[in-house]
Amino acid sequence: MTAPRTPRKAFGRLSLPERTYLADALRTETVGGVLLLAAAIAALVWANIPALHDSYESVSHFHFGPAALGLDLSVAHWAADGLLAIFFFVAGIELKRELVAGDLKDPKAAALPVVAALCGMVAPALVYTVTNTAGGGSLAGWAVPTATDIAFALAVLAVIGTSLPSALRAFLLTLAVVDDLFAILIIAVFFTDTLNFAALGGAAVGLVVFWLLLRKGVRGWYVYVPLGLVIWALMYNSGVHATIAGVAMGLMLRCHRREGEEHSPGERIEHLVRPLSAGLAVPLFALFSAGVAISGGALADVFTKPETLGVVLGLVVGKTLGIFGGTWLTSRFTKASLSDDLQWADVFAVATLAGIGFTVSLLIGELAFEGDQAMTDEVKAAVLTGSLVAAALATVLLKIRNAKYRGMVAEEERDDDLSGVPDIYEEDDPAYHLRVAAVYERKAAEHRRIAEEMESARLAEVAGGAGDEDDRPA
């Protein structure tokens, strides 16, 4: 007879290497998210103070760059097409790593975040489409509410002081990686109007050279950085959005470890470039993209125009229902039961948090309504509003379970044997129990010593007191 199969757990315990990678990645993303939040607030202040508004417009629209190469761009344009290429380069490495060494490597484990991410993109697009079809609005912005901003979501978690268990954080990160992949495909397929085949061919040749150099084991930033810049410039001039060059190069890096390697080349490069992406590139993009005029009338218009209302509802309602519904359906049809420590309310709260769409949503908003500055600004205001509402709802839902989360995180990080590895990964190892026993024996010996010293001091005090009594005169 065969033993009955244990049903797979959704949001179960991560492997130790995956948990370590996740902790390092989220630490950088959280810091970057706080900088992103600060940059967005700075942009809104800069753009909405009358005395400073003109300077914001002047800096954003200041052009520089070699015109002969088709790169005489505004500061805002450089931020969107140039700096975000770094962000998408890191996204490409993350995706490659997930495919070869992370959750997406196992089709059964990958089903949950992939289906959740797909549903979390389809549902907002449907909500936007239905809203604008009913209201007679433009369908051009259907893709705006489809993106999740992991850095902004983590910044919200940092600000409100909520600690999510590692399984939920891993789900959120993997969800965002898949989300970024489909956002890249949307940009490449739906926002490419005309093609310069000579420039596109040149970019393709550059990517082949990039791949061959990697295969040959050529090392040195002085080789890859200039080549990457050439590929980016050719991709920009081809008519395909230049950020596609970033993700293509990221996907080419090797992300599996060979014998004797502590880290793969992709992991090393990601470790070097991620702080640049999270700490500089994305905040600067936010600084020159989030600066829209905000007033009582403008905020009221967000809820009255079908385009902007569709964006808000897509982020708040579509994202939440899509991700939660996709997760529930996947777990039901794959018979993966929810982890014993979690409830479906926790999944719903994380789905609400994923409604924070900022960086990629702002980028798609600019592409969708290119040439209509007024509508672009209104859609940006809608992205900010929808993200703020989603953040507020997620804060309330997560705070309700915060005490439970703190207990789960404390249990995940408990290290009684002082080995540097959380106990939950060592409990099946006899050596772990011997180390714990030794720790408790040392503690017991220390407590016995303290007790003996206290008892000796007490007896000495009693003996000393009795002598004083006898020496007193009658």
Side-chain angles (χ1 to χ4, degrees), residues 11 29 33 36-37 40 91 112-132 139 141-157 160 162 164 168-187 302-303 306-331 344-365 368 379-398:
F11 304 102
E29 290 289 357
L36 175 62
L37 186 60
L112 186 65
V114 169
V115 173
L118 278 171
C119 293
M121 299 187 81
V122 172
L126 288 175
V127 169
Y128 179 93
T129 302
V130 170
T131 304
N132 281 269
L139 298 180
W142 64 270
V144 174
T146 59
T148 293
D149 195 311
I150 183 64
F152 219 128
L154 293 173
V156 170
L157 289 177
I160 66 177
T162 296
L164 280 182
L168 286 177
R169 285 180 176 253
F171 173 70
L172 191 60
L173 181 62
T174 308
L175 189 81
V177 170
V178 179
D179 193 292
D180 286 340
L181 168 65
F182 287 107
I184 292 161
L185 293 175
I186 287 172
I187 291 170
V302 166
F303 295 96
E307 294 88 353
T308 50
L309 180 61
V311 169
V312 173
L313 292 178
L315 288 171
V316 177
V317 179
K319 269 287 182 186
T320 303
L321 295 181
I323 292 172
F324 180 80
T327 305
W328 185 84
L329 288 171
T330 304
S331 65
W344 283 109
D346 302 314
V347 181
F348 188 85
V350 171
T352 305
L353 188 66
I356 300 173
F358 189 77
T359 306
V360 180
S361 289
L362 291 177
L363 175 62
I364 294 177
V379 166
K380 287 182 179 181
V383 170
L384 294 173
T385 303
S387 298
L388 184 61
V389 173
L393 288 174
T395 298
V396 173
L397 295 173
L398 292 171

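Computed from heavy atoms alone, side chains included, the values below leave out hydrogens, waters and symmetry copies.
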query: So do the side chains of I356 and V156 get within less than 4.5 Å of each other, counting heavy atoms only?
result: yes
query: How long is the span from the CG atom in L393 to the CG atom in L388, to the nearest 0.5 Å?
result: 10.0 Å
message: Could you check whether any side-chain heavy atom of I186 comes within less than 4.5 Å of a side-chain heavy atom of W142, counting everything from C-beta outward?
response: yes
query: Which distance, rounded to the nearest 0.5 Å, do you find between the CG of L175 and the CG of L168?
result: 11.5 Å
- request: Would you confirm whether T330, through its side chain, and L112, through its main-chain N or O, come within 3.5 Å as a donor-acceptor pair?
  value: no
Under 3.5 Å, which donor-acceptor pairs do the side chains of residues 346-353 form with other protein atoms, sequence neighbours left out?
from, atom 1, to, atom 2, distance (Å)
D346, OD1, R401, NE, 2.8
D346, OD1, Y405, OH, 2.5
D346, OD2, Q343, N, 2.8
D346, OD2, R401, NH2, 2.8
T352, OG1, F348, O, 2.9

- prompt: So L313 and V130, side-chain contact (heavy atoms from CB on, under 4.5 Å) or not? Walk me through it.
  reply: CA-CA 11 Å; L313 292 178; V130 170; over 6 Å; no
Separation between OH of Y128 and OG1 of T146, rounded to the nearest 0.5 Å: 11.5 Å
task: Examine distances only and state if a side-chain atom of N132 and a backbone atom of P306 form a donor-acceptor pair shorter than 3.5 Å.
output: yes
query: Do side-chain atoms of T148 reach the backbone of A354 as a donor and acceptor pair under 3.5 angstrom?
result: yes
task: Return the set of residues passing salt bridge (charged side-chain N to carboxylate O under 4.0 Å, His left out) with D180 (not counting sequence neighbours), or none when no residue passes.
output: none
- line: What one should report as the nearest heavy-atom pair of G310 and P145 is O-CG, 4.4 Å
message: Would you compute the distance between atom CD1 of I323 and atom CE of M121 and round it to the nearest 0.5 angstrom?
response: 10.0 Å
message: Using modelled atom types and a 3.5 Å cut-off, is there a donor and acceptor pairing between side-chain atoms of T174 and backbone atoms of F171?
response: no
- prompt: Would you call L37 and F358 a side-chain contact if the rule is heavy atoms closer than 4.5 Å?
  reply: no
message: Can a donor-acceptor pair be found, under 3.5 Å and without considering hydrogens, that links the side chain of S387 to the backbone of G357?
response: yes
- request: Measure the spacing between CG of L363 and NZ of K380 and express it to the nearest 0.5 Å.
  value: 9.5 Å
- line: Nearest heavy-atom contact between G386 and V316 is O-CG2, 3.5 Å
- line: Which of V383, D149, I364 passes side-chain contact (heavy atoms from CB on, under 4.5 Å) with T359? It is D149
- request: Report yes if the side chains of S361 and F152 come closer than 4.5 Å at any heavy-atom pair, otherwise no.
  value: no
Residue pair G314 / P124: nearest heavy atoms and the distance that separates them: O-CB, 3.4 Å
